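The structure appears right after this line, and notes come after that.
Remember, predicted model here, so these are calculated numbers, not experimental data.
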Amino acid sequence: MTRIICLGDSLTYGYGIPRSQVGTALLAARTGMECVNRGVNGTTTGGMLAVMTGELEKLHYDAVILMGGSNDLAYGRDLTGARANMGAMAHIAMSARVCPFIGVPCAVRLVGLGRHAGGQNAQGGIQLLAERALRDVPAPRD
């Protein structure tokens with residue numbers, strides 16, 4: 001059986017979503033693969049990097065899905081560090097002969113979710129993340 005470990009933040013964990021409906025449970029149900037959810041609410045790419053090696057050494061995995069960086073942005077951290085951490089995790093996976101997949105959360109419009117722990121409404125949080133991410137995107141060339 002193919003075994004996948006999923007590392008990330010609350011988007012991977014599935015904060016506020018019934019366990020049977022989180023992404024890893026749906027992936028397992030639809031593919032028959034074993035999907036281990038190691039998402040941690042509030043973690044950063046640095047936190048993911050700190051636990052990754054131990055997770056890969058515990059059991060043999062065929063693949064790792066890495067999805068993080070949202071909290072790095074939310075906490076006002078520089079994207080250079082998040083990129084470096086994601087790259088380091090991909091290299092660690094490859095050196096352990098585990099196929100890495102890097103997931104990128106898509107922007108969505110959140111309606112009716114009220115306030116999150118930071119005190120801003122959810123839409124404001126998404127807008128803040130988008131603004132911080134866009135400041136690091138190179139300008140298009142003519």
Side-chain angles (χ1 to χ4, degrees), residues 1-140:
M1 173 184 286
T2 301
R3 300 187 75 227
I4 299 173
I5 183 170
C6 302
L7 297 174
D9 53 26
S10 58
L11 298 174
T12 299
Y13 174 77
Y15 178 77
I17 299 173
R19 298 291 83 206
S20 64
Q21 296 300 306
V22 298
T24 51
L26 296 175
L27 180 61
R30 291 181 182 161
T31 65
M33 297 179 200
E34 180 181 351
C35 298
V36 177
N37 187 332
R38 291 291 184 256
V40 177
N41 296 329
T43 197
T44 62
T45 56
M48 292 168 59
L49 179 59
V51 301
M52 183 174 177
T53 302
E55 289 292 338
L56 292 182
E57 291 173 354
K58 282 182 187 176
L59 300 167
H60 173 74
Y61 293 100
D62 299 296
V64 59
I65 298 175
L66 305 166
M67 190 165 76
S70 298
N71 289 324
D72 295 78
L73 290 169
Y75 299 146
R77 296 188 178 155
D78 183 20
L79 280 182
T80 304
R83 287 185 188 126
N85 290 337
M86 293 297 278
M89 287 185 279
H91 284 284
I92 289 168
M94 290 185 289
S95 70
R97 300 195 184 283
V98 175
C99 183
F101 293 90
I102 298 176
V104 178
C106 61
V108 295
R109 183 165 186 237
L110 302 176
V111 178
L113 294 182
R115 299 193 171 281
H116 62 72
Q120 297 177 318
N121 66 38
Q123 182 62 36
I126 295 296
Q127 182 177 348
L128 177 65
L129 292 176
E131 289 169 1
R132 288 189 177 157
L134 288 175
R135 73 174 178 215
D136 287 342
V137 175

query: Are T12 and L7 close enough, and set up right, to give a side chain to side chain contact (heavy atoms under 4.5 Å, CB included), and what steps lead you there?
result: CA-CA 7 Å; T12 299; L7 297 174; over 6 Å; no
Over all atoms of both residues, closest heavy-atom pair of [X] and [Y]:
{"X": "R3", "Y": "E34", "answer": "NE-OE1, 2.8 Å"}
{"X": "L56", "Y": "A96", "answer": "CD1-CB, 4.3 Å"}
{"X": "G46", "Y": "N85", "answer": "N-ND2, 3.3 Å"}
{"X": "G8", "Y": "T43", "answer": "O-CG2, 3.3 Å"}
{"X": "F101", "Y": "A63", "answer": "CE1-CB, 3.9 Å"}
{"X": "N37", "Y": "Y13", "answer": "ND2-O, 3.4 Å"}

Distance, nearest 0.5 Å, that separates [atom1] of [X] from [atom2] of [Y]:
{"X": "M48", "Y": "R38", "atom1": "CE", "atom2": "CZ", "value": "13.5 Å"}
{"X": "S20", "Y": "L26", "atom1": "OG", "atom2": "CG", "value": "7.5 Å"}
{"X": "R83", "Y": "I102", "atom1": "CZ", "atom2": "CD1", "value": "12.0 Å"}
{"X": "M33", "Y": "D62", "atom1": "CE", "atom2": "CG", "value": "9.0 Å"}

Heavy-atom side-chain proximity of [X] to [Y] below 4.5 angstrom:
{"X": "E55", "Y": "V36", "answer": "no"}
{"X": "M67", "Y": "L11", "answer": "yes"}
{"X": "P100", "Y": "M94", "answer": "yes"}
{"X": "V64", "Y": "M89", "answer": "no"}
{"X": "I65", "Y": "L27", "answer": "yes"}

query: If you draw a 6.0 Å radius around CZ in R19, do more than 12 non-hydrogen atoms from other residues or ligands fall strictly inside?
result: yes
Between D72 and T45, a side-chain donor and acceptor under 3.5 Å: yes
